[in-house]
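Report on the structure given below.
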Amino acid sequence: MNIFYMTSEASPFIKTGGLADVSGSLPKEFKKKGHEISVVLPLYGQIPFEYKEQMEYLGYYFVDLDWRRQYAGVFKINYDGVNFYFIDNEFYFKRQSLYGQGDDGERFIFYSKACVQLLRFLDVKLDIVNANDWHTGLVPLYIKDFARGDDFYSKIKTAYTIHNIKYQGIFPKDIMSITGLSMDYYNEDGLKYYDGINMMKAGIVYCDLLTTVSKTYANEITYPYFGEGLDGIIRKNKHKLVGIINGIDYDKYNPKKDPLIPYNYSADDLTSKAKNKTDIQKLFNLPVNENIPMFAMVTRLVDLKGIDLLDFIISELMEEDIQLVILGTGDRRYEDMLRFYERCFPNKLAARIYFDEAQSHKIYAGADFYLMPSIAEPCGISQLIAMRYGTLPIVRETGGLRDTVEPYNKYTKEGTGFSFSNINAHELLFTIKDAINLYRNKEDLDTLIKSAMTRDFSWDVSCDEYLENYKKVLKNKF
Ligand code: GLC
């Protein structure tokens, strides 16, 4: 198969969230399985020079946006066997931040249209285009629209993946003129959303195959509580919806070989894991003692991640003999809150309000437990990384967390972590206390760590699921 993957971020070139992890690792698996795969990205100013330097310039074309003709340059790199194409336009992509600019609507209309025109420019024979999240939500629509005047597009099938339904790309109606699309698409079954347009809705409506990143989330978003206003349209399109759980990059996240952690280890020999813990304690100015259970969070500090639950119970939690390490940035109120708590509990809590890749690996390796009390979590990637490093996740049973963490069963000793079901701070606290109890029982703890470490969270199986569904789409089976 020849697959094009349209996305707004991909590791290692540019990353703000989990979408970049997926766009950077799933394509490699397609390649491994013998398929042709290309990833398309905007050429952001923030992409490091070491990559820009290696890019080959292929040419340019113009994208019509209302009365303006905008330049779209095309650059290419082959990275790990995957073709990466970059759309160049400095007016749109040389900005302070990737998202949150006043003209985001226009920027990503340009990008979506440029992605679709790129296929013609390259003049390749392809089977599937997989677009992702709101930034490329118009891709399936443009493909359908272009097919009306150009046979090249009529053979292409489209898949659309929702990584998080909370961010939809909603813009005022006026922006329709920039899209260049007919007002025929502006209706309740199309682009229209209240008095504006919704780019994610366009992806949902006009794709041939709709996917999201876990089975539980696929079900959750059919209900108003999780659907963020799109549950109705999801229910209408349920016949083409499948949930496929994300995997992680097994080369990058491998405690046996990871060059970013000071002491490598494996499920057969966990002795070095404790050394990684003392290393973190030194790094973060916490008392050095390998027998204190260490809890960790590496996260964006936003409400969906359940930071408020932690807020409610922090003083009770800090009565326990534990350490808590947090790494990440986000909403100002959570950043300030954590800085404050660090001052209150300097011997127990280390809040590092920044992001650092190397430190994140050290934390995954050194901590004993990983907290993820998310309010909603389409898939979640860090719980998978945590398990791979033998750091037991404590999660709320939602979305991908529910699908990937098997809660500890104290009778059979089975499981790969801990979980609780309600958005209730004391449920979180009591679950943490269960974990502390288990920590005192080394034998059972090791059994659990080993079973977490030996679960398969690679892309192998999930990639096959994408391929099977692509095949079904090519045969018009939805
Ligand atoms: C988003 C979701 C996260 C998911 C990731 C990749 O960041 O919030 O749950 O793992 O996308 O699909």
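Ligands are counted one by one from 1 in listed order, and the atoms in each one are counted from 1 as well. All figures in this text were calculated on a predicted structure; none of them were measured in a lab.
Atom 8 (O) of ligand 1 has as its closest protein heavy atom N164 ND2, 3.3 Å. At the top of the distance list for atom 1 (C) of ligand 1, counting protein heavy atoms only, stands H163 O, 3.4 Å. Ranking protein heavy atoms by distance to atom 9 (O) of ligand 1, first place goes to E377 OE2, 2.6 Å. Remark: minimum distance from atom 7 (O) of ligand 1 to any protein heavy atom is reached at G18 N, 3.7 Å. At the shortest separation from atom 4 (C) of ligand 1 among protein heavy atoms lies G380 N, 3.7 Å.
Every side chain to side chain contact (heavy atoms under 4.5 Å, CB included) that R352 has, sequence neighbours left out, goes to F284, L327, E342, A350, Y354. In terms of the side chain to side chain contact (heavy atoms under 4.5 Å, CB included) criterion, residue partners of K475 (sequence neighbours excluded) are, by chain and number, K477.
Listed by number with element, the atoms of ligand 1 under 4.0 angstrom from any heavy atom of N246 are 6 (C), 10 (O), 12 (O). Against a heavy-atom cut-off of under 4.0 Å, V22 is close to the following atoms of ligand 1: 6 (C), 12 (O). Remark: ligand 1 atoms within the under-4.0 Å shell around heavy atoms of V213 are 12 (O).
When all heavy atoms of L41 and S8 are compared, the pair lying nearest together is CD2-C, 3.9 Å.
Side-chain polar atoms of E106 and Y92 form a donor-acceptor pair below 3.5 angstrom. Side-chain polar atoms of K76 and S38 form no donor-acceptor pair below 3.5 angstrom.
Of the listed residues (F110, Y111, Y99), just one forms a ring-ring contact (aromatic ring centres under 6.0 Å, His included) with H135, and that residue is Y99.
A cation-pi arrangement is absent between R388 and Y364, since the terminal nitrogen or guanidinium carbon is not both under 6.0 Å from the aromatic centre and inside a 45° cone about the axis.
The shortest N or O to N or O distance between C379 and ligand 1 is below 3.5 Å.
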